[in-house]
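Working notes, beginning with the structure itself.
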Amino acid sequence: MSTLNLNIKPECRSDLPVKAIQFGEGNFIRCFIDWMLYRMNQKNLFNGRVIAVQPTPRGRTVPVLKNQDCLFTAILHAMENGRVKESFEIINTIADARNPYDNADFEKLKEDFKLPTLEFIFSNTTEAGLVYTKEDLPEEGCVLSFPGKLTQLLYERFKAFKGVENACSISGLSILPCELIEDNGTKLKEIILKHADDWKLGDEFKSYVCEDCVFYNTLVDRVVSGYPKADAERYAKELGYEDALMSTGEEFSFMAIEGSDEISHKLPFAKAGLNVVVAPDITPYRLRKVRILNGAHTSNVPAAFLAGLDTVDEMMTDSVTGPFARSIIYDEIIPAVKLDKGMLTEFADAVVDRFMDPSLHHQLSSILMNCTSKVKARVIPSILDARAAGTHPSKLYFSLAAFFALYKNSDGSSPVTVSRADGKSGQFQDDEYAVKVMAKAWSLYKNSQSSAEDTVSCILSDSKLWGEDLSVKLDVKKIAALTHMVVTQGIKKTMSEC
């Protein structure tokens, strides 16, 4: 069977100009941003394409994109009258792909950043990607971090247009990071300015970043389960081609952009019928989504993975993990969020229904990727808010214990290998520093509750990991007791007793 490319789908050829560059080439950004731009192109509302950039050295998607002429299939699912409804679209939004860790590709990327048609930057590098790391500016090639690379490339654009008449109207970019952290656009801008100071790029460049470029805070919401491994053969037969990049997601999608009508005119998502809100303050949208949907994922998945389950719908239908997941959402997360409880409950009801969709096959292992930064952004705030209100969120404490238990047998390297209750092992990727901290902490554990306190205290007190010393704010003894129980009694028994 033929592989998806322009030879077999010549009607998918596009000559639209490059108007955006995206840092990230994974399933989510392709099935969300690229899909939305495709939908706008279908209605002649965007009329542009994207350059996709590999965000980390270990990426493997760029060669596959090139092999498929940057085409991929978005497969969207929805439940309709109790049955699964599927739709298929070949997305041709990506014009080319770059691996910036290859010097030749990085030189091409620098030229991409000088294009007069370029208007937008998108990113989806997970919460771990949107951090400041002090880096030396190399004479050749790129730095490791995403904000560092963006600083390098914005500087190339700044130099290319410096002195050009009306340069600010041509060279200024709209930058929309899609990482799920609070004030993501503001934070990205702050990190870029730090790099500009570190590398002595000058006040003129900093003025370009602050005055000509606009950084938008955003919120994105769509469950994208990625490559449908279990159904790939069936889809290939239905579609008539093989697609190594087909990506499965739910039909539901939502985006909130903190801004004015200006960005609505530049990116007329809503005019294209897409569920996108532009508002001067997106805090309520962000809080309900990050705490409830993402918080429910991140607080429940470690335990479900340890229990031997593989997908979110399995987690929700299991007789132990399912009721526990609902209890965390309704009994501990919602009471901790300072928003209208009716609005939160209505959103939570929809989230539970979305989690139950068996057609997505949303893998727990993919949700665990970079889970330390996810716990920091999605779970710890709910725990701290509960503590500030004078309550001890015992189920969220258990979720921390299960999360810590993932690393019990870690050798300090990523991917982390996990021993599960079904007798099988599983793996997930996490930040290198986080894995080392966890491995060091577990070296203190001597099969006793008192040593579990040493382990938990070692993890929670690491200010570099959490941004503060959490050991003085959380109940170390309670979390350690639960951690010891998980190790000695098993995950489901501990969950049941909790």
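Sequential numbering from 1 along the given sequence is applied to the chain's residues.
- Relative orientation of the Phe403 and Trp466 rings is perpendicular, given thresholds of 30° and 60° on the angle between their planes.
- Under the 30°/60° scheme for interplanar angles, the aromatic rings of Tyr132 and His195 are found to be tilted.
- Checking side-chain atoms of Arg378 against main-chain N and O of Val290 turns up no donor-acceptor pair under 3.5 Å.
- Considering CE of Met438 and CG of Leu465, their distance stands at 5.5 Å, rounded to 0.5 Å.
- The neighbour count for Lys271 NZ, taken as heavy atoms of other residues, nucleotides or ligands under 6.0 Å away, does not exceed 12.
- At distances below 3.5 Å, not a single donor-acceptor pair connects side-chain atoms of Glu135 with backbone N or O atoms of Gly148.
- The 12-atom threshold is exceeded at CG of Asp281, counting heavy atoms of other residues, nucleotides or ligands nearer than 6.0 Å.
- Other residues, nucleotides and ligands contribute at most 12 non-hydrogen atoms within 6.0 Å of the CZ atom of Arg60.
- Lys289 places a side-chain N or O within donor-acceptor distance of the main-chain N or O of Val220, the cut-off being under 3.5 Å.
- A distance-only check finds no donor-acceptor pair linking the side chain of Arg39 to the backbone of Leu274 [under 3.5 Å].
- Using modelled atom types and a 3.5 Å distance limit, the side chains of Thr3 and Gln68 yield no donor-acceptor pair.
- The neighbour count for Gln42 CD, taken as heavy atoms of other residues, nucleotides or ligands under 6.0 Å away, is above 12.
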Please step through side-chain contact (heavy atoms from CB on, under 4.5 Å) for the pair Phe428 and Leu364, ending with a clear verdict.
-> CA-CA 9 Å; Phe428 66 94; Leu364 305 182; over 6 Å; no

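- In this structure, Asp243 contributes its side chain and Phe72 its backbone to no donor-acceptor pair below 3.5 Å.
- The side-chain heavy atoms of Val418 and Leu306, taken from C-beta on, include a pair separated by under 4.5 Å.
- Residues Tyr155 and Val209 form no side-chain contact, since every pair of their non-hydrogen atoms from C-beta on lies 4.5 Å or further apart.
- Across all their heavy atoms, Glu258 and Ile282 have their closest contact at OE2-N, 3.0 Å.
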Would Val312 and Asn300 satisfy side-chain contact (heavy atoms from CB on, under 4.5 Å), going step by step from the backbone distance to the final call?
-> CA-CA 9 Å; Val312 172; Asn300 285 293; over 6 Å; no

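- Between Phe254 and Tyr285, the ring planes are tilted. Angles from 30° to 60° get that label.
- No side-chain donor-acceptor contact under 3.5 Å links Asp69 to the backbone of Leu71.
- Counting only N and O atoms by type, the side chains of Tyr241 and Thr73 include a donor and acceptor under 3.5 Å apart.
- A donor-acceptor contact closer than 3.5 angstrom links the side chains of Thr218 and Asn184.
- For Glu86 and His77, the side-chain atoms include at least one donor-acceptor pair closer than 3.5 Å.
- The minimum heavy-atom distance linking Gly185 with Asn217 is given by the pair N-OD1, 2.9 Å.
- Checked options Pro147, Ser123, Pro100; the residue passing with Phe23 is Ser123 (criterion: side chain to side chain contact (heavy atoms under 4.5 Å, CB included)).
- At most 12 non-hydrogen atoms from other residues, nucleotides or ligands lie less than 6.0 angstrom from CD of Glu140.
- Here the side chains of Val435 and Ser413 are not in contact, with every heavy-atom distance at 4.5 Å or above.
- In this model, no donor atom of one side chain and acceptor atom of the other lie less than 3.5 Å apart for Ser414 and Glu432.
- Counting heavy atoms from C-beta outward, Lys108 and Asp96 have side chains that stay 4.5 Å or more apart.
- Scanning both residues, Val352 and Met316, for their nearest heavy atoms gives CG1-CE, 4.1 Å.
- Here the side chain of Ser171 pairs no donor or acceptor atom with the backbone of Phe158 at under 3.5 angstrom.
- Interatomic distance, SG of Cys142 versus NZ of Lys149, reported as 5.0 Å (0.5 Å rounding).
- Side chains of Lys159 and Tyr208: a donor-acceptor N/O pair is absent below 3.5 angstrom, by distance only.
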Determine, stepwise, if the pair Val277 / Ile257 fulfils side-chain contact (heavy atoms from CB on, under 4.5 Å).
-> CA-CA 6 Å; Val277 170; Ile257 303 172; over 6 Å; no

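- Cation-pi contact between Arg420 and Phe305: present, with separation from the ring centre below 6.0 Å and deviation from the ring axis of at most 45°.
- A donor-acceptor contact closer than 3.5 angstrom is absent between the side chains of Asp105 and Gln54.
- Here the CD1 atom belonging to Ile329 is positioned 8.0 Å from the CD1 atom belonging to Ile292, to the nearest 0.5 angstrom.
- Judged by distance alone, with hydrogens and angles left aside, the side-chain atoms of Lys492 form no donor-acceptor pair with the main-chain N or O of Ala307 at under 3.5 Å.
- Screening residues 367-376 for side-chain hydrogen bond (donor to acceptor under 3.5 Å, both in side chains), with sequence neighbours left out, gives Thr126-Asn370, Thr372-Tyr407, Thr372-Asp430.
- For the salt bridge (Lys or Arg N to Asp or Glu O under 4.0 Å) test, no residue two or more places apart in sequence or in another chain qualifies with Lys229.
- Crowding of Glu238 atom CD: a count of heavy atoms from other residues, nucleotides or ligands under 6.0 Å exceeding 12.
- In this structure, CZ in Arg98 is found 7.0 Å from CG in Leu109, a value given to the nearest 0.5 Å.
- The minimum heavy-atom distance linking Ser410 with Val416 is given by the pair CB-CG1, 4.3 Å.
- For Arg157 and Asp212, the salt-bridge test fails: no basic side-chain N is under 4.0 Å from an acidic carboxylate O.
- Between Arg222 and Phe28, the closest side-chain pair of non-hydrogen atoms falls below 4.5 Å.
- Minimum interatomic distance between Cys70 and Ala97 (heavy atoms only, all atoms of both residues): SG-N, 4.2 Å.
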Please assess Tyr227 against Met246 for the test side-chain contact (heavy atoms from CB on, under 4.5 Å), listing each intermediate value before the final yes or no.
-> CA-CA 6 Å; Tyr227 184 76; Met246 67 174 80; 3.7 Å; yes

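- Between Ser365 and Gln427 the shortest side-chain heavy-atom distance does not fall below 4.5 Å.
- Using a 4.0 Å cut-off between charged nitrogen and carboxylate oxygen, Glu179 and Lys187 do not count as a salt-bridge pair.
- Across Gly48 and Lys19, no two heavy atoms sit closer than the pair CA-CD, 3.5 Å.
- We find that Arg354 and Glu250 are joined by a salt bridge, their nearest charged nitrogen and carboxylate oxygen being less than 4.0 Å apart.
- The shortest side-chain heavy-atom distance between Asn124 and Phe146 does not fall under the 4.5 Å cut-off.
- In terms of modelled atom types and a separation under 3.5 Å, the side chain of Asp34 and the main chain of Thr93 share no donor-acceptor contact.
- At least one donor-acceptor pair under 3.5 Å links the side chain of Lys43 to the backbone N or O of Ala272.
- Residues Ser247 and Asn27 bring a donor and an acceptor atom of their side chains to less than 3.5 Å of each other.
- One finds the NZ atom of Lys424 at 7.0 Å from the CG atom of Asp310 (value rounded to the nearest 0.5 Å).
- Side-chain contact check for Asp313 versus His362: every heavy-atom pair is 4.5 Å or farther apart.
- Annotation: the span from Leu173 atom CG to Leu154 atom CG amounts to 6.5 Å, rounded to 0.5 Å.
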